[in-house]
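One structure is given here, and the rest of the page talks about it.
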Amino acid sequence: HARHLTLPPSVTVKEAGFISGKDEGRALVLAGDGGNGSLWLSAWRPQDGSWKELPGYFEALPPFLTKNVCGHVSFKGSDLIFNIARMVETVDTSGNRLLLPEAESATYKFWVKAGETGFTMVSSLPESEAFLTVVQFMNAVQQGRCDSTRSMLSDPRLASIPKYLALSGKPLESTARVVQMVVPPGKGQRYRLIGIGKDDLIFDVGKVKGASQIKAIFIAPPDPFLQETAKYFPLYARVVDAGEKEKEAPPPPSSFG
């Protein structure tokens, strides 16, 4: 019954979904382009045959998720995944101020969990399974066993890239964090390791004959946006530890007699 919703004229709604959490009952969440380099979010509940907007529902979210960014919001159950890139300010030939999105390669995922007391940033990965291939590769690099990485790489020559950054044979910095990036649907997963030294490493991971494989590795200079928001991304060591615990966990009991 969208006809009962009164929306600002400058808003373009792109996504809608229901979440359970803050306060009682489910809320209809609308998300989209708020104009002037911003994402727009609004929450609604049915009341007396119409919809009532819930003002202030998202006021506790960090401003960097919605201000001076472009992108979209997706839903993971009752949680929100912000797929966003920082906007860059420039001017046209007449001197008018313009806000332009950064390259698609600078679009990142932030996971926001809805709870009874509001929203919290989740320092984890929304989809971490493919990242375990990166972990296996980096373990081999840290142990100086780059020759053993052939099955993990679509091109064996990719093994030389960490060597260029002098990462072979030594552990990553304790400040290393994992950033999940946005790629087009069906193109696999993309991860960025930050805090590992002077430059970052970006990994493209895809499926080859049903198994995850690293298809590309890129060296990139640090992104100031990630330096500002680093605390919201998981520490590399914690992701590795979580993956090890998951592998060691016993299988769930069968429901069949």
Side-chain angles (χ1 to χ4, degrees), residues 64 81-86 102-103 105-111 121-183 187-208 211-249:
F64 75 82
I81 306 295
F82 284 77
N83 307 269
I84 56 176
R86 176 68 57 87
E102 286 198 15
S105 59
T107 305
Y108 309 108
K109 289 190 177 186
F110 295 86
W111 188 1
M121 301 288 293
V122 182
S123 183
S124 185
L125 295 177
E127 300 92 20
S128 60
E129 180 183 354
F131 185 69
L132 296 181
T133 304
V134 178
V135 171
Q136 291 176 329
F137 173 75
M138 291 306 298
N139 283 346
V141 169
Q142 292 168 59
Q143 295 166 16
R145 298 185 296 105
C146 291
D147 291 342
S148 67
T149 62
R150 292 182 180 275
S151 63
M152 309 173 200
L153 304 172
S154 62
D155 185 340
R157 291 174 294 182
L158 294 173
S160 66
I161 295 178
K163 291 182 181 179
Y164 179 78
L165 295 183
L167 296 176
S168 182
K170 69 176 187 178
L172 291 182
E173 301 283 349
S174 60
T175 55
R177 291 182 181 269
V178 185
V179 177
Q180 186 161 4
M181 305 179 70
V182 179
V183 294
K187 297 296 185 180
Q189 303 290 342
R190 178 173 292 169
Y191 305 95
R192 184 168 184 152
L193 297 188
I194 66 174
I196 62 173
K198 185 170 67 75
D199 294 298
D200 299 343
L201 275 181
I202 298 174
F203 295 84
D204 275 358
V205 182
K207 290 284 189 180
V208 178
S212 292
Q213 194 173 68
I214 297 171
K215 305 185 81 171
I217 304 176
F218 308 97
I219 297 174
D223 185 332
F225 185 38
L226 296 181
Q227 292 177 312
E228 296 171 18
T229 58
K231 68 178 182 179
Y232 296 110
F233 295 106
L235 286 166
Y236 176 84
R238 290 187 180 178
V239 177
V240 174
D241 185 54
E244 290 299 322
K245 288 181 178 178
E246 186 174 323
K247 286 193 293 185
E248 294 172 3

Smallest separation among heavy atoms of Thr149 and Ala140, with atom names: CG2-CB, 3.5 Å
Test side-chain contact (heavy atoms from CB on, under 4.5 Å) applied to Val122 - qualifying residues, sequence neighbours left out: Trp111, Lys113, Ser124
Heavy-atom closest pair, residues Phe137 and Leu158: CZ-O, 4.5 Å
With sequence neighbours excluded, residues passing ring pair (Phe, Tyr, Trp, His ring centres under 6.0 Å) with Phe233: Phe110
All side chain to side chain donor-acceptor pair (under 3.5 Å) counterparts of Glu129, not counting sequence neighbours: none
side-chain contact (heavy atoms from CB on, under 4.5 Å) partner of Gln189, chosen from Met181, Gln180, Lys207: Gln180
Set of residues satisfying salt bridge (Lys or Arg N to Asp or Glu O under 4.0 Å) with respect to Lys215, sequence neighbours excluded: none
Residues which pass side chain to side chain donor-acceptor pair (under 3.5 Å) with Arg150, listed by chain and number, not counting sequence neighbours: none
Minimum-distance pair of heavy atoms, taken over all atoms of Ile202 and Ala220: CD1-CB, 3.9 Å
Distance-minimising heavy-atom pair for Ala176 and Ile196: CB-CG2, 3.8 Å
Pair listing, salt bridge (Lys or Arg N to Asp or Glu O under 4.0 Å) test, anchored in residues 157-180, at least two apart: Asp155-Arg157
Option passing side-chain contact (heavy atoms from CB on, under 4.5 Å) with Lys109 (candidates Leu125, Ile81, Val179): Ile81
